[in-house]
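Quick note: residue numbers are just sequence positions, from 1.
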Amino acid sequence: GGPMLDYDQERAALKNRIRRRGIYILPNLFTTAALFAGFYAIVQAMNLNFDQAAIAIFVAAVLDSLDGRVARLTKTQSAFGAEYDSLADMVSFGAAPALVMYEWVLRDLGKLGWIAAFVYCAGAALRLARFNTMLDVADKRWFTGIPSPAAAALVAGLIWIVDDYNIEPESVRWWAWFVTVFAGLTMVSNLKYYSFKSINLRKSVPFVAVTAFVVVLALLAYQPPLVLFGGFVASAISGYVVSAWRLARRGRAGGAS
């Protein structure tokens with residue numbers, strides 16, 4: 001019975017190891033798909049298909065939001081996955097939006113154009129490096145600085161909406177420059193952005209929340225670029241509003257004491 005039991009235990013351990021290794025592929029597949037979408041955005045910008053480039057960045061953002069959740073659900077979080085995700089994010093939400101924006105209208109602004117694109121790209125790199133080093137100490141409810149996918153969506157949203165409404169890109173050149181620099185600097189700011197990580201999807205929600213979700217979905221189906229861009233503009237401004245409110249509350253508390 002002894003050798004047979006050892007053999008069974010070894011087989012069980014091997015099976016478990018193979019299964020675990022197989023599941024680890026799942027979150028990394030989402031990360032690879034997000035990386036592909038970011039790379040595809042750069043290629044499409046080089047081919048002057050800016051609407052496709054912008055949509056690809058949004059697709060990368062959706063896939064990026066899934067890889068972490070899949071890793072948590074399947075309990076396959078790993079140091080490799082975290083590093084890979086960060087490197088993919090740098091391509092999809094750092095280099096891709098900067099290059100797409102540069103090819104779109106910033107190229108015509110000469111030095112000011114590529115400096116704006118670089119400010120965004122460096123902002124994304126610094127944001128990701130800071131996020132990685134603060135993982136253990138950060139308050140999970142809040143992000144410090146706008147997350148790089150939201151900054152990328154802000155840049156891509158402007159391109160998509162201008163293309164969708166057949167507006168001449170040259171007429172919004174300076175708006176594009178401002179949005180690019182604004183997104184880059186907001187990523188490295190100390191502003192607080194709500195992370196939505198404290199929301200528990202397993203708990204029951206009020207009927208109003210479900211109705212609001214249906215309305216947003218309907219609006220999204222009717223006018224995707226406008227609704228998405230509006231949502232990310234509101235998201236970007238929210239950090240400034242939340243930080244100002246917290247500052248005012250702290251000032252009041254200090255005055256009262």
Looking only at heavy atoms, which two atoms of [X] and [Y] are closest? And how far apart?
{"X": "Val155", "Y": "Ala183", "answer": "CG2-CB, 4.2 Å"}
{"X": "Val188", "Y": "Arg130", "answer": "O-NH1, 3.5 Å"}
{"X": "Val162", "Y": "Trp104", "answer": "CG1-CZ2, 3.5 Å"}
{"X": "Ser86", "Y": "Asn132", "answer": "OG-ND2, 2.9 Å"}
{"X": "Glu103", "Y": "Phe50", "answer": "O-CZ, 3.5 Å"}
{"X": "Ala236", "Y": "Leu154", "answer": "CB-CD2, 4.1 Å"}

Side chains of [X] and [Y] in contact at under 4.5 Å (non-hydrogen atoms):
{"X": "Arg72", "Y": "Pro27", "answer": "no"}
{"X": "Glu170", "Y": "Asp108", "answer": "yes"}
{"X": "Val215", "Y": "Leu219", "answer": "yes"}
{"X": "Val172", "Y": "Val105", "answer": "no"}
{"X": "Tyr120", "Y": "Val181", "answer": "no"}
{"X": "Val100", "Y": "Gln44", "answer": "no"}
{"X": "Leu191", "Y": "Val242", "answer": "no"}
{"X": "Phe232", "Y": "Ile146", "answer": "no"}

Spacing of [X] atom [atom1] and [Y] atom [atom2] [to the nearest 0.5 Å]:
{"X": "Phe39", "Y": "Ser92", "atom1": "CZ", "atom2": "OG", "answer": "11.0 Å"}
{"X": "Leu106", "Y": "Met101", "atom1": "CG", "atom2": "CE", "answer": "6.0 Å"}
{"X": "Ile167", "Y": "Ile161", "atom1": "CD1", "atom2": "CD1", "answer": "7.0 Å"}
{"X": "Asp85", "Y": "Phe80", "atom1": "CG", "atom2": "CZ", "answer": "11.0 Å"}
{"X": "Phe93", "Y": "Leu128", "atom1": "CZ", "atom2": "CG", "answer": "9.0 Å"}
{"X": "Ile42", "Y": "Ile57", "atom1": "CD1", "atom2": "CD1", "answer": "8.0 Å"}

Donor-acceptor pair between [X] and [Y] side chains, under 3.5 angstrom:
{"X": "Thr144", "Y": "Asn190", "value": "no"}
{"X": "Tyr84", "Y": "Thr32", "value": "yes"}
{"X": "Ser189", "Y": "Tyr240", "value": "no"}

task: Check the pair Tyr194 / Ser238 against side chain to side chain contact (heavy atoms under 4.5 Å, CB included), numbers first and verdict last.
output: CA-CA 9 Å; Tyr194 188 60; Ser238 73; over 6 Å; no
Under 3.5 Å, which donor-acceptor pairs do the side chains of residues 109-117 form with other protein atoms, sequence neighbours left out?
none

message: Less than 6.0 angstrom separating the ring centers of Phe58 and Trp160, yes or no?
response: yes
field: Residue pairs fulfilling side chain to side chain donor-acceptor pair (under 3.5 Å) with at least one residue in residues 50-64, sequence neighbours excluded
entry: Tyr40-Gln52
message: Is there a side-chain hydrogen bond (donor to acceptor under 3.5 Å, both in side chains) between Ser148 and Asp89? Walk through the geometry before answering.
response: CA-CA 8 Å; Ser148 55; Asp89 283 359; 4.8 Å; no
task: Output yes when a side-chain donor or acceptor of Arg69 lies under 3.5 Å from a complementary backbone atom of Ser65, and no otherwise.
output: yes
- prompt: Do we get Arg246 above Trp142's six-membered ring, with its NZ or CZ under 6.0 Å from the centre and within 45° of the axis?
  reply: yes
- prompt: Do the rings of Phe182 and Phe178 sit parallel, tilted or perpendicular, given the 30° and 60° boundaries?
  reply: parallel
- prompt: Got a sec: does the CD of Glu168 have more than 12 other heavy atoms crowding it under 6.0 Å?
  reply: no
- request: Spell out, yes or no, whether Leu66 and Val91 are grouped together once hydrophobic residues are joined by side-chain heavy atoms under 4.5 Å, including indirect joins.
  value: no
